[in-house]
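Here the structure comes first, spelled out in structure tokens, and everything after it is commentary.
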Amino acid sequence: MITANHLTRRFGPVLAVDDVSFEIGRGEVVGFLGPNGAGKTTTLRILAGFLPATAGSASIAGHDVQRESLEVRRHIGYLAESVPLYGEHRVEEMLDFQGRLHGMSSADRKRRIPEVLERVGVLDRRRQLVAHLSRGLRQRVGLATALLPDPDVLILDEPTSGLDPIQRMEVRKLIQDLGSERTVIISSHILPEIEAVCPRVLILSHGALVADGTQDELVASLGQGTHVRLEISAEHDRGTVEAELARLAHVLGIESRAGTDGYIEYDVRCELDLREAIGRHAQEQHYRIRELSWRKASLEELFVRLALGLQKDELQPSPEVTQ
Amino acid sequence: MNGLITVYRRELAGLFVAPLAWILLTVSFGLTGWLFVAMLENSGGDITYANRFTGGLSGVYWALMMFLPPLLTMRMISEESRNGLLEFLLTSPVTDAAVVLGKFFAAWTFMALFWSNNLIYAATVHGLGTPPDWPPVLGGYMGSVLVSGLFCAVGLFASSIFSSPILSAFAAMCGSIVMLMLPRLVGVYDSDWLTEQFVAVDIMRNFQTTFLVGLFDTQVLVFFLAWTGFFLFLATRGVEAKRWK
């Protein structure tokens with residue numbers, strides 16, 4: 001559905017998008033993740049046909065975004081981060097304008113406008129002036145505007161920025177629903193956003209695509225696997241415990257530090273979830289154990305590492321206990 | 001074409017929902033109405049002269065001609081570029097030229113409505129029992145519309161290259177003043193060749209010697225349309241250039 005081949009975009013001396021390539025299939029929901037200034041918006045603008053690429057090419061639904069820009073624009077619904085809407089229009093007038101721009105017939109507009117307003121939950125605001133809407137409502141009207149022509153591809157740039165937590169949750173739910181019907185690309189620098197909505201993630205850093213895959217794939221391939229956390233009584237020699245644990249298969253490394261109440265905390269970095277093996281080992285060695293838990297490397301750790309360009313060893317385990 | 005009409009309708013509606021358009025119309029109708037009556041009294045009831053004065057000879061007329069189109073067009077591209085609306089338009093299935101032309105025709109329609117004051121005064125006098133000399137009245141109106149179309153195109157071009165509406169209005173006003181006054185200033189140099197060149201592009205002279213006296217000259221028509229087209233072309237390129245910034 002969407003193909004990007006070596007997309008590059010310069011703004012004078014600044015390289016905003018650096019040789020980015022990817023493919024997105026029909027019906028996929030993909031998240032563009034990256035810190036501010038990573039090149040997310042620029043990439044989306046190129047795909048939406050607003051910005052030309054300095055080098056490389058991209059196509060949507062088989063149409064080149066530069067050479068067949070108008071055809072591409074007929075297939076997409078694009079919502080820019082600033083949610084551009086004409087403030088002097090009423091909500092339904094704004095949508096009517098969008099429908100006319102997309103060449104929708106009068107009958108289609110009459111049918112679709114209440115339909116999309118209902119879908120985003122602002123049907124009761126259809127006679128309200130856009131300028132009088134709150135940020136959250138504007139965002140919804142923006143989404144309705146993007147959805148109106150029933151596009152095959154929905155491109156949403158930071159769709160939840162500036163919203164309160166409840167509004168975010170509602171927009172996320174809406175995007176999840178939309179994802180079951182069409183290809184959706186969302187950009188965000190907010191991780192929980194992407195984690196909640198997008199099965200597939202593309203991480204951009206300094207304009208370059210540094211990771212592409214499902215969340216699990218990314219964490220498994222680029223992350224640090226898992227961490228098993230143990231608290232063992234200090235009566236067992238710390239050095240010996242570490243040495244014995246290190247001999248277990250799939251263990252990558254061990255860190256330990258003095259805990260409270262006469263216990264020592266061990267963080268066992270491993271390729272797999274080794275709770276059973278470590279538990280068995282502790283039983284055989286008659287260790288007095290207070291805690292045995294598992295921490296999975298999260299997308300957040302991976303994101304921070306890739307964004308900051310950290311090495312694998314510098315990755316710290318997430319404080320979140322997932323299981 | 002569909003995109004052009006859609007943009008045109010929205011821009012025109014946008015102009016009339018803002019108070020600026022109504023203020024401009026009220027002030028100008030009041031000002032030119034007063035001028036028309038004053039000239040009618042001064043000329044001993046010469047309707048044709050009064051009409052010609054308010055519709056093409058007076059300083060007020062040319063001041064309005066220089067200042068109104070830039071005020072109307074200053075926001076059309078520069079502000080929309082700043083608040084993201086241009087991005088919205090240019091990611092819709094509409095060409096850059098359709099966006100520029102839609103905005104231009106909206107501003108031009110407003111100016112056509114604006115200059116209809118002379119038609120109203122002439123029609124009123126006609127209704128009162130003294131028919132005016134209609135060809136110069138109609139010619140003057142047509143010429144005014146053509147001249148203001150050119151200045152709307154200049155205003156749109158300025159709006160496409162500056163990011164601030166105020167700056168774009170200022171640049172368009174300066175541009176309009178230069179275009180109007182330069183051929184007049186050439187006379188200070190004693191050069192027949194220069195004078196000849198500038199007379200050909202003298203907007204004021206072209207308008208006052210043809211349309212304003214009821215003479216329909218296709219050469220002058222082409223002159224205005226060509227310059228208008230040239231600035232609209234530049235405005236379209238200006239919009240295109242925004243994609244590269």
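Everything quoted here is computed from the prediction, not taken from an experiment. Per chain, numbering begins at 1; letters A, B, ... match sequence-line order.
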>> Using side-chain heavy atoms (C-beta onward) and a distance below 4.5 Å, is B:R10 in contact with A:E88?
In response: yes
>> Using side-chain heavy atoms (C-beta onward) and a distance below 4.5 Å, is B:V7 in contact with A:L101?
In response: yes
>> Using only non-hydrogen atoms and a strict under-4.5 angstrom cutoff, which residues of residues 103-118 of chain A touch chain B?
In response: A:G103
Segment of [X] engaging chain B (4.5 angstrom heavy-atom cut-off):
{"X": "A:F50", "value": "both"}
{"X": "A:A16", "value": "neither"}
{"X": "A:F97", "value": "both"}
{"X": "A:L85", "value": "backbone"}
{"X": "A:S69", "value": "neither"}

Any residues in [range] near chain A, with a heavy-atom distance under 4.5 Å, and which are they?
{"range": "residues 71-110 of chain B", "result": "B:E80, B:N83, B:G84, B:L85, B:L86, B:E87, B:F88, B:L89, B:L90, B:T91, B:S92, B:P93, B:V94, B:T95"}
{"range": "residues 225-239 of chain B", "result": "none"}
{"range": "residues 114-123 of chain B", "result": "none"}

Hey, is [atom1] on [X] packed in by over 12 heavy atoms from elsewhere, all under 6.0 Å?
{"X": "A:E23", "atom1": "CD", "value": "no"}
{"X": "A:R26", "atom1": "CZ", "value": "no"}
{"X": "B:F170", "atom1": "CZ", "value": "no"}
{"X": "A:R182", "atom1": "CZ", "value": "yes"}

Go through [options] and name the one with the most non-hydrogen pairs under 4.5 angstrom from chain B.
{"options": "A:P52, A:A146, A:G49", "value": "A:P52"}
{"options": "A:R9, A:H89, A:E81, A:Q98", "value": "A:R9"}
{"options": "A:E93, A:H102, A:R74", "value": "A:H102"}

> How long is the span from the CZ atom in A:R45 to the CZ atom in B:R243, to the nearest 0.5 Å?
Replying inline: 11.5 Å
